[in-house]
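What follows is a short report on a single structure.
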Amino acid sequence: MFRSPLAKVLVGGLIAGVLDITYAISFSAWHGVAPTRLLQVVASGLLGAPAFAGGVPIAALGLALHFCIALAWALLFYAATKWLPALIRRPLISGVGYGLFIYAMMNLVVLPLSAFPRKVTFPLPALITGLLVHMFCIGVPIAFAARSARAAKI
């Protein structure tokens, strides 16, 4: 269906983005946070605290930002496979590792350096589920998509 390497990588990034945002919305709803509010949290990384007064348009921006970030991580992994072809030989293992890397980068580097208006914390339930989601729902689909994309180039 998707023949070009770029299309395969983008589909992998979109799958990762859908799985991640589905988890985030579900986890947040379980804790009484509306999807609009969750997406405003995403947008607050760019806009700071004013994001929470922006309503649905800012939530839409948060969703767009979320998918841009997921696609960027997919493209970065694909680019890395050019210099580290071992990443696509064992996509399950490399995907799990990449998911851990993404979790660390987003929570320890990106969020603290962004306009996100709150202190980043790691409550145990969010930490455990966040790590699992990043490993298996983000890293693994990206790694398998990159492997498929590299195979398409041969």
Side-chain angles (χ1 to χ4, degrees), residues 2 4-84 87 91-146 149:
F2 299 101
S4 80
L6 179 61
K8 290 177 183 224
V9 172
L10 294 178
V11 166
L14 289 173
I15 290 169
V18 166
L19 293 173
D20 182 33
I21 202 65
T22 300
Y23 151 75
I25 288 171
S26 300
F27 186 86
S28 296
W30 183 263
H31 292 90
V33 177
T36 302
R37 182 58 135 196
L38 172 73
L39 295 169
Q40 290 169 339
V41 169
V42 176
S44 76
L46 179 65
L47 303 175
F52 297 108
V56 172
I58 298 302
L61 173 64
L63 186 62
L65 291 169
H66 168 78
F67 278 102
C68 287
I69 292 166
L71 293 172
W73 283 118
L75 291 167
L76 180 65
F77 187 87
Y78 178 69
T81 64
K82 181 176 181 178
W83 294 281
L84 298 167
L87 293 173
L92 181 60
I93 294 168
S94 64
V96 165
Y98 192 56
L100 291 171
F101 174 75
I102 293 170
Y103 185 88
M105 292 301 294
M106 290 303 297
N107 288 284
L108 302 175
V109 178
V110 174
L111 275 177
L113 293 175
S114 75
F116 185 67
R118 299 181 187 140
K119 182 180 186 281
V120 179
T121 61
F122 302 94
L124 192 58
L127 174 66
I128 292 169
T129 58
L131 286 170
L132 291 171
V133 166
H134 278 76
M135 291 186 305
F136 296 105
C137 297
I138 300 171
V140 169
I142 287 173
F144 274 96

* Between CG on residue L63 and OG1 on residue T36, distance to nearest 0.5 Å -> 10.5 Å
* Nearest-0.5 Å distance that lies between atom NZ in K119 and atom CG in L111 -> 12.5 Å
* What's the spacing between F116 CZ and M106 CE if we round to 0.5 Å? -> 10.5 Å
* Asked: So, do F52 and P117 sit near enough that their side-chain heavy atoms are less than 4.5 Å apart?
  -> yes
* Asked: Side-chain contact, heavy-atom cut-off 4.5 Å: F27 with L38?
  -> no
* Which atom names give the shortest non-hydrogen contact between F144 and P91, and what distance separates them? -> CE2-CG, 3.5 Å
* Can you check whether G55's main-chain N or O pairs, donor with acceptor, with Q40's side chain at less than 3.5 Å? -> yes
* **Value rounded to 0.5 Å, distance of CG in L84 from OG in S94** => 10.0 Å
* Shortest non-hydrogen separation from A146 to F77 and the atoms involved -> CB-CD2, 3.5 Å
* **Side-chain donor or acceptor of D20 paired with backbone N/O of A16 under 3.5 Å** => no
* To do: Verify, without hydrogens or angle tests, whether T81 (side chain) and Y78 (backbone) share a donor-acceptor contact under 3.5 angstrom.
  => yes
* G12 to A145 - nearest heavy-atom pair and separation -> CA-CB, 3.5 Å
* Starting from the C-alpha separation in whole Å, work towards a yes-or-no answer on side-chain contact (heavy atoms from CB on, under 4.5 Å) for I21 and L39. => CA-CA 9 Å; I21 202 65; L39 295 169; 3.8 Å; yes
* **Trace of the side-chain contact (heavy atoms from CB on, under 4.5 Å) decision for L131 with F122** => CA-CA 11 Å; L131 286 170; F122 302 94; over 6 Å; no
* Asked: Atom CD1 in I58, atom CG in L46: separation rounded to 0.5 Å?
  -> 9.0 Å
* Does H66 reach the main-chain N or O of G62 with its side chain, forming a donor-acceptor pair under 3.5 Å? -> no
* Over all atoms of both residues, closest heavy-atom pair of G13 and A70 -> O-CB, 3.6 Å
* To do: Please step through side-chain contact (heavy atoms from CB on, under 4.5 Å) for the pair L19 and V133, ending with a clear verdict.
  => CA-CA 8 Å; L19 293 173; V133 166; over 6 Å; no
* Are the side chains of M135 and L100 in touch, meaning some heavy atoms are under 4.5 Å apart? -> yes
* To do: Determine the minimum heavy-atom distance between I25 and P35, stating which atoms define it.
  => CG2-CG, 3.9 Å
* Got a sec, which residues hit side-chain contact (heavy atoms from CB on, under 4.5 Å) with F101, two or more places apart in sequence or on another chain? -> W73, Y98, M105
* Is S44 reaching over with its side chain to a backbone N or O of L47, donor-acceptor style, under 3.5 angstrom? -> no
* Would you say T121's side chain and P123's backbone share a donor-acceptor pair under 3.5 angstrom? -> no
* **Contact summary for P57 and G54, nearest pair of heavy atoms** => CD-O, 3.4 Å
* Asked: When you look at L75 and L6, which way does the side-chain contact (heavy atoms from CB on, under 4.5 Å) test go after all the steps?
  -> CA-CA 8 Å; L75 291 167; L6 179 61; 3.8 Å; yes
* Asked: CD1 of I138 to CG of L132: how many Å apart, nearest 0.5 Å?
  -> 11.0 Å
